[in-house]
Amino acid sequence: MISRIDLRGDALPEGPALRDLLPRADFDVSAALEKVRPICEAVHHRGDAALIDYAEKFDGVRLESVRVPAEALADALEGLDPAVRAALEESIRRTRLVHRAQRRTTHTTQVVPGGSVTEKWVPVGRVGLYAPGGRSVYPSSVIMNAVPAQEAGVPSMALASPAQKEFGGLPHPTILAACALLGIDEVYAAGGATAVAMFAHGTESCPAADMVTGPGNIWVAAAKRYFTGRIGIDAEAGPTEIAVLADDTADPAHIAADLISQAEHDPLAAAVLVTDSPALADAVDKELEPQIAATKHIDDRIVPALSGRQSAIVLVDDVEAGLKVVDAYGAEHLEIQTADAAAVADRVRNAGAIFVGPWAPVSLGDYAAGSNHVLPTGGCACHSSGLSVQSFLRGIHIVDYTKDALADVAHHVVTLAEAEDLPAHGAAVKARFVGDEQMSRGWKVPEGK
C-alpha cells in the first residue's frame, strides 16, 4: 500500500536535491488563487449577502443571519456530552499553561548613558480565528487558535466555522460549545475563502480583523495568500503530515497506528517513515492492513493518503542519515522512535513539533499535550514556527536619546548617511547642533546657519 524510497548506499545529496527525492503532496495554491478571487471580491462588495449566498451554494443551507446568536452558544454548551466537556476543559487548561509561559515582557537596553532602546510587545487589535468544518469537526482547533491569542492579550477576536445543514445553518455544536468554554461570544457561520474575506474586508455584521489564523483546506490557504499584505496571517496551511524517524527498537504497531492517525484527516495527508531497519519497514507494512480494516474513513481518506505520492517508507543507512532526511523534509509533526530518542530529537533542526519516544504520539499533541497543533506544513518548518503567543504580538522599538547621547554618535550617523549617498539623513542630525561649539567632530553645519 505505502511505497518505498531506498536512499541507502550512496552519499545523500544536500539541500534541495535531497528534498526533491522525498514524498510531498500536490498542493497548488496558485491555481486555487484564481478561483477564490471572485469569491473574495464578492464578499468585499456585497458583504453579508454574499456570505449568505455562498453558504447556500457551498454548504447547502440558506442562512437568515451569518452571526451565531448568543443563545445558540449557550445551548451548545448545555447540550455538550459531559465527557467531551471535561476533555475540552483539560485541553484548555494544559494549552493555557504552556502558552502563558510564552508571554513577552517589555525590555529596555541602555545602549549608552542617555541613550536607550525599549522593546515593548503589543497585541494585534483584532483577530479572526478559523475552525474547519469539512470532513471532520475540530473543536481542538478552536482551543489552539484562541488560547494563544487570549494569552497575548488580543482585545477583540471572532471565530468563523462553516454552516452545517444538519444543524440548521449553525456551525457544529461542539465548535460552538468550545467557543462558549473559552468565552468567545462573536461567532460566524462562514467557511473557507468566504470566512477569510469576511475578516479581511469586514461586513455589515462582522468588523474587519487585523489578522486571520487557523488551519483549513486549499481554499483557505489561497484566500490567505490573496489577502497577505492587507491582513496578517499565520501560514498557508497545507495537508497535514507526519514523519517518523525510527530504528529497530521501535514498535511497528505504534508506528502503523500513528501513520494511520494522520492519514484519516484527508486523502492528501502525508505519512512518512524514515528508518534504517528493513525489518521494521516490513513489520510496519504488515501492521497497516489489519489496523486500517479496524477503523473508519478507509476508502475516502486513509487508503488514498497512504497510497498517494505524499506517503512513503524511506530506507536509510543509519540514524545519522535519517536525521539528514527528516531535516530536509521539515515535517509538521516529527516522531522520534529510536534508541536514546531524546538525544536524537535534540539534534533535529527542522520540524513543526517533535514527539519524543513511544509515549508521545502526535495524537497527544493534537489534543492534550499543551503544545499547539497549528504547525507549518509543506516543508515550511525550515523557516517558520507553529502558532504561539508570539504570533499575535508585535515588537515595537522605542528610541530615547538625550542631546549628549546623540552628539556622541552623530559623526557616525553622518558618515554612514554620506556613504549611502543620503545626505539629508545626515543633515537631519546636523540641524540639531547648528551653532553648537561642542560639535567639532569633522563635519560642518550647513552653510549660512
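What you see is a predicted model; the values in this text were computed from it and never measured.
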- Message: Check this for me: does any side-chain nitrogen of one of Arg85 and Glu89 sit under 4.0 Å from a carboxylate oxygen of the other?
- Response: yes
- Query: Less than 4.5 Å apart, any side-chain heavy atom of Tyr130 and any of Pro162?
  - Reply: yes
- Message: I want to check something: taking the side chain as every heavy atom from C-beta on, are Gln164 and Asp59 in contact at a cut-off of under 4.5 Å?
- Response: no
- Taking atom NZ of Lys120 as the centre, report whether more than 12 heavy atoms of other residues, nucleotides or ligands fall under 6.0 Å from it. no
- Message: Just checking Tyr367: does its OH atom have more than 12 heavy atoms from other residues, nucleotides or ligands closer to it than 6.0 angstrom?
- Response: no
- Charged N to carboxylate O under 4.0 angstrom, Glu90 versus Arg94? yes
- Answer yes or no: is there a donor N or O on one side and an acceptor on the other, between the side chain of Glu119 and the main chain of Ile398, under 3.5 Å? no
- Query: Does Arg67 come within less than 4.0 Å of Glu204, counting only side-chain N to carboxylate O?
  - Reply: no
- Message: Take a 6.0 Å sphere around CD of Glu64 and say whether it holds more than 12 heavy atoms from other residues, nucleotides or ligands.
- Response: no
- Task: Before accepting this row, confirm whether a basic side-chain N of the pair Arg225/Glu236 lies closer than 4.0 Å to the acidic partner's carboxylate O.
- Result: yes
- Query: How close do Ala42 and Ala50 get, heavy atom to heavy atom, and via which atoms?
  - Reply: O-CB, 3.5 Å
- Message: Let me confirm one number: the CG-CG distance from Asp28 to Leu33, rounded to the nearest 0.5 Å.
- Response: 10.0 Å
- dist Leu88:CG -> Ile92:CD1 (nearest 0.5 Å) comes out at 6.0 Å
- Message: Looking at Glu264 and Lys296, is any side-chain nitrogen of the basic one under 4.0 Å from a carboxylate oxygen of the acidic one?
- Response: no
- Item | Asp26 with Arg309: basic N within carboxylate O range, under 4.0 Å | yes
- Query: If only atom types and distance count, is the side chain of Asn217 paired as donor or acceptor with the main-chain N or O of Val220 below 3.5 Å?
  - Reply: yes
- Message: Counting C-beta onward and ignoring hydrogens, is there a side-chain heavy-atom pair between Val122 and Leu393 closer than 4.5 Å?
- Response: no
- Query: Tell me, do Lys286 and Pro252 make a side-chain contact under 4.5 Å, heavy atoms counted?
  - Reply: no
- Query: Testing Ser161, Pro215, Pro132 for side-chain contact (heavy atoms from CB on, under 4.5 Å) with Tyr138, which one passes?
  - Reply: Pro132
- Indicate the atoms forming the closest heavy-atom contact of Ser91 with Thr95, along with that distance. O-OG1, 2.7 Å
- So, are Arg347 and Asp327 salt-bridged, with charged N and O less than 4.0 Å apart? no
- Sequence neighbours left out, what passes side chain to side chain donor-acceptor pair (under 3.5 Å) with Asp210? Give chain and number order. none
- So which heavy atom on Ala312 is nearest to which on Ile5, and how close? CB-CD1, 4.0 Å
- Message: Would Ile354 and Ile336 count as a side chain to side chain contact (heavy atoms under 4.5 Å, CB included) here? Give the steps.
- Response: CA-CA 7 Å; Ile354 303 171; Ile336 305 295; 3.9 Å; yes
- Item | side-chain contact (heavy atoms from CB on, under 4.5 Å), paired with Ile2, selected from Val284, Asp285, Leu273 | Asp285
- Task: Would you indicate whether the side-chain heavy atoms of Val68 and Leu176 approach each other to under 4.5 Å?
- Result: yes
- What about Trp359 and His254, are their ring centers closer than 6.0 Å? yes
- Side-chain (Glu151) to main-chain (Arg103) donor-acceptor, under 3.5 angstrom: no
- Item | Atom pair NZ (Lys324) and CG (Leu245), whose distance is rounded to the nearest 0.5 Å | 14.0 Å
- Item | Working for side chain to side chain contact (heavy atoms under 4.5 Å, CB included), residues Tyr401 and Val112 | CA-CA 9 Å; Tyr401 269 56; Val112 293; 4.3 Å; yes
- So how far is it from Arg126 CZ to Met157 CE, rounded to the nearest 0.5 Å? 10.0 Å
- Message: Working note: Leu159 + Tyr188, criterion side chain to side chain contact (heavy atoms under 4.5 Å, CB included); need CA distance, chi angles, decisive distance, verdict.
- Response: CA-CA 6 Å; Leu159 183 133; Tyr188 297 89; over 6 Å; no
- Minimal non-hydrogen separation, Ala131 against Val142, with atom names: CB-CG2, 3.8 Å
- Message: Counting the benzene-type ring for Trp, do Phe227 and His201 have ring centres under 6.0 Å apart?
- Response: yes
- Task: Would you please test Leu18 and Asp20 for side chain to side chain contact (heavy atoms under 4.5 Å, CB included) and show each step?
- Result: CA-CA 5 Å; Leu18 178 53; Asp20 289 345; over 6 Å; no
- Message: Take a 6.0 Å sphere around CD of Glu78 and say whether it holds more than 12 heavy atoms from other residues, nucleotides or ligands.
- Response: no
- Message: Can you tell whether the side chains of Asp234 and Lys224 come within less than 4.0 Å, N to carboxylate O?
- Response: yes
- Lys/Arg cation over aromatic Tyr329: Arg24, 6.0 Å, 45° cone: yes
- Query: Could you walk me through whether His99 and Ser388 pass the side-chain hydrogen bond (donor to acceptor under 3.5 Å, both in side chains) check?
  - Reply: CA-CA 7 Å; His99 288 77; Ser388 70; over 6 Å; no
- Message: Could you measure the distance from the CD1 atom of Ile218 to the CG atom of Leu268? Nearest 0.5 Å is fine.
- Response: 8.0 Å
- Query: Mind checking whether Asp6 and Val316 have side chains closer than 4.5 Å, heavy atoms only?
  - Reply: no
- Before accepting this row, confirm whether a basic side-chain N of the pair Asp282/Arg4 lies closer than 4.0 Å to the acidic partner's carboxylate O. yes
- Smallest separation among heavy atoms of Leu7 and Asp317, with atom names: O-OD2, 4.5 Å
- Could you walk me through whether Asp247 and Ser277 pass side-chain hydrogen bond (donor to acceptor under 3.5 Å, both in side chains), step by step? CA-CA 6 Å; Asp247 61 16; Ser277 171; over 6 Å; no
- Message: Taking side chain to side chain donor-acceptor pair (under 3.5 Å) as the criterion, tell me which of Thr106, Asp400, Thr108 meets it with Thr118.
- Response: Thr108
- Distance only, no hydrogens: is a donor on one side chain within 3.5 Å (strictly under) of an acceptor on the other, for Gln262 and Thr240? yes
- Message: So Pro358 and Asp251, do their side chains get closer than 4.5 Å, heavy atoms only?
- Response: no
- Ignoring hydrogens and angles, state whether a donor on the side chain of Tyr226 or Glu41 is under 3.5 Å from an acceptor on the partner side chain. yes
- Apply side-chain hydrogen bond (donor to acceptor under 3.5 Å, both in side chains) to the pair Gln337 and Glu335, showing each step before the final yes or no. CA-CA 6 Å; Gln337 298 200 33; Glu335 291 186 356; 2.8 Å; yes
- Gap between atom CE of Met211 and atom OG of Ser391 - 0.5 Å precision: 5.5 Å
- Between Phe355 and Pro361, which heavy-atom pair has the shortest distance, and what is it? CD2-O, 3.6 Å
- Test item: Glu186 and Pro207 side chains (from C-beta on) under 4.5 Å apart, heavy atoms: yes
